[in-house]
Every structure is written in structure tokens, then in C-alpha cells.
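For reference, the structure is listed below as C-alpha cells.
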Amino acid sequence: MKNLIDIKDLSTQEIQELIEVAKDIMQHPQNYVEKCKHKKLATLFFEPSTRTRLSFEAAMMELGGNVIGFSSASSSSTAKGESVSDTIRTIGCYSDIIAMRHPKEGAPLVASIKSTVPIINAGDGGHNHPTQTLTDLLTISCEKQRLNNLTIGLCGDLKFGRTVHSLITAMSRYENIKFILISPEELKIPEYVKKEILEKHQIQYIETTSLEEHMKDLDILYMTRVQKERFFNEEDYVRLKDYYILNNSKLTTAKQDLCIMHPLPRVNEISTEVDDDPRAKYFNQVRYGKYIRMALILKMLEIK
Ligand code: NCD
């Protein structure tokens, strides 16, 4: 695999191998400290990020490699009018692998065509976010000890939430998965995800506007932020932003072993009182993100 643009670029077998390597890194970090010596990762972030960019950078550093990059379009030659293609050709002269986030859907794919080094999509607009999905899969594997037989509630902005699109794509490959898709009418899952993923693979799903209705059935509750930056007008955002707020009282009917996830950043959709509930796993999820990205960098650089 040269590039990771879509989670579908990885087979189920390859995902399993990444999860196993990540678990081994967690147990034996000392075995990995020099694996990427003299290698360079470039992080090109044309859109804001905290976890994705810094976990990639921390991952490369823990493998003994180095990091270069920029964290906003305004501090790169994009501000002077340079094209993504030219930027990518340039960065390929200075680095061995590139992680790139861009507000335009498809930009990392275009970049990968011009690039001389492997490209990782670190989020493209409201489309995909495959490395968040790898993070989510490692989280589920560690916290639930399985990737099959799960009822997964996805709640919030299912329209613009790229993490949701990639996660549905990945989970649809496992046995006996059921989705409860919880969103306001205006933020329902896009038709293409329904047709090309859910219906094509005959995955069971229910669409609802109620967070409480199916709470008792959930094994995983994946909360998401309303994606302010993808809205065309402020009014719609303000009306929808606090549609769901998970708090302790809404969790009273939930299973004892529910796993509550969120890609973060959180705005208001999970009340901070939930953080003390042992079922809240979103900060563990952050930690898993670094380990799976270490495994991914090793795989893409073909380092054993
Ligand atoms: C997500 C993203 O950028 O899509 N964040 C992340 O990478 N952890 C989710 C979000 O921004 O809401």
C-alpha cells in the first residue's frame, strides 16, 4: 500500500496487523525507539488540528524519526497562491512520508497522484478520516476485546462528520454489526454512505433523532461535534449545535459495559460530568491514536 487515502485502502487483514503491532508497541515501547532513525515525516495541515497532527508527530518521534511541517495554510506558500500539487512535489524533496489534512474533499487523493513519497489522508473536508478510524478500531479492540457483534450508536453530525463516514465503512466489514444513527433531520448520514456502504453490505441500521430511545441496546456510543466550519450559515449551526448533550441522567438505561467514544474536540455534546464515568473512553482513545499511527508509519515505510 503506497498511500492511505480511504480506510478501504487497507484490507481487514492489514487492519488486524496494524492493531497487533500497536498493541505490541504499547507493551514493548523500547523495541521501537530507533525504528525510524534518519526518517522524516512531514505534517501538512491546511486545517486546524490538535490530536491528529500532534499524535503523528509524537508517533514519529517515539520511533526515533524527525518531523517537519506546517499547521496552517496561512503559514505556508498556499497563502501566496501555490497549488497543492506543487506544495506536495516540494515536500517530497524533504521527507519520506507525508500526513496531510485539507478542507477540500479529495485533496489528499490529488496530492497522492503527484507525490513521490507516501501520503496519509489526515482528514479531507467532510469526507474521510482513515487514521481516526484506525484509532477507533484500536480503541474498540482494546476496550471491548472484539470488532464483531456490536451495536454502535453514532450521534451528532452524521452529515459532515468525516470520522463517522470512515468508521461506518470500516465496521461494515465485521460480523453482526448494527448501527443506530442518531442525528437531527438536517444532519443525517449522506445518501452515498447508505447506498455504497450500509445497503451494499446489507448492514442493519436504524435512523432516529432520539439519543435515549436505543440507549439500552448500545455497546458503543460514538458522540460527535456539530461541524461548525462546514455550515453555510451561522444560524443553522447555532440552532443545531446543542441538539444532543450526553449527561449522567441520559446514561441511566445504558449497559454497564457501554464504551463511550468521541474523536474530540468536544464542544458541548458530552457534559464534563460524564468524564468520571468509567465507561467514558474518549481520553483513552486519544492515547491509542499515537500507537496506531506508530504502527501505520512503520507499515508505510516498510520497516519491520
Ligand atoms: C475530528 C476531525 O478532525 O474530523 N477530530 C480529530 O481528528 N480527532 C473530529 C472533529 O473535528 O470534530
Side-chain angles (χ1 to χ4, degrees), residues 4-7 22 41 43-59 69-73 98-109 119-140 152-171 181-184 187 189-190 193 220-231 236-237 240-246 259-270 280-294 296-297:
L4 177 61
I5 305 300
D6 188 300
I7 193 68
L41 164 77
T43 52
L44 311 190
F45 278 62
F46 297 88
E47 231 190 25
S49 170
T50 297
R51 276 149 289 267
T52 305
R53 184 172 65 84
L54 296 181
S55 67
F56 263 117
E57 296 187 356
F70 54 80
S71 56
S72 72
I98 296 174
M100 170 184 170
R101 168 172 289 187
H102 201 282
K104 273 214 185 98
E105 288 81 7
L109 176 63
I119 299 277
I120 301 170
N121 176 6
D124 63 327
H127 189 214
N128 281 329
H129 193 345
T131 68
Q132 181 62 46
T133 296
L134 291 174
T135 301
D136 300 341
L137 295 176
L138 178 61
T139 306
I140 296 169
I152 306 172
L154 296 158
C155 175
D157 188 345
L158 308 188
K159 180 178 180 187
F160 297 117
R162 55 194 174 196
T163 67
V164 168
H165 307 154
S166 294
L167 183 58
I168 290 178
T169 306
M171 290 309 300
L181 304 173
I182 309 156
S183 75
L187 299 178
I189 199 87
V193 177
I220 292 167
L221 174 57
Y222 193 96
M223 296 296 295
T224 63
R225 166 181 78 91
V226 175
Q227 305 281 298
K228 182 179 186 195
E229 62 275 38
R230 317 260 179 249
F231 277 70
D236 287 345
Y237 170 69
L240 295 167
K241 73 183 176 64
D242 294 330
Y243 206 96
Y244 300 106
I245 299 179
L246 183 69
C259 174
I260 306 169
M261 297 172 64
H262 191 311
L264 304 177
R266 149 176 68 184
V267 186
N268 290 324
E269 57 281 355
I270 303 181
K281 303 295 185 192
Y282 28 93
F283 287 107
N284 300 22
Q285 200 178 342
V286 172
R287 185 174 296 277
Y288 293 128
K290 182 183 71 181
Y291 295 112
I292 200 77
R293 288 182 174 100
M294 289 172 79
L296 180 67
I297 291 169

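Indexing begins at 1, ligand by ligand and atom by atom, following the structure's order.
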side-chain contact (heavy atoms from CB on, under 4.5 Å) partner of P108, the single match among N121, D6, I98, N128:
N121
Could you check whether the rings of Y237 and F231 sit parallel, tilted or perpendicular, using 30° and 60° as the cut-offs?
perpendicular
Between P130 and S166, what is the shortest heavy-atom contact and its length?
N-OG, 3.9 Å
Hey, are Q285 and R287 close enough side-chain-wise for a donor-acceptor pair under 3.5 Å?
no
Side-chain donor-acceptor pair under 3.5 Å between R101 and H129, yes or no?
yes
What does the 4.0 Å heavy-atom contact list look like for ligand 1?
T52, R101, H129, Q132, R162, T163, R225, Q227, P263, L264, P265
Donor-acceptor contact present, side-chain H102 to main-chain A122, <3.5 Å
no
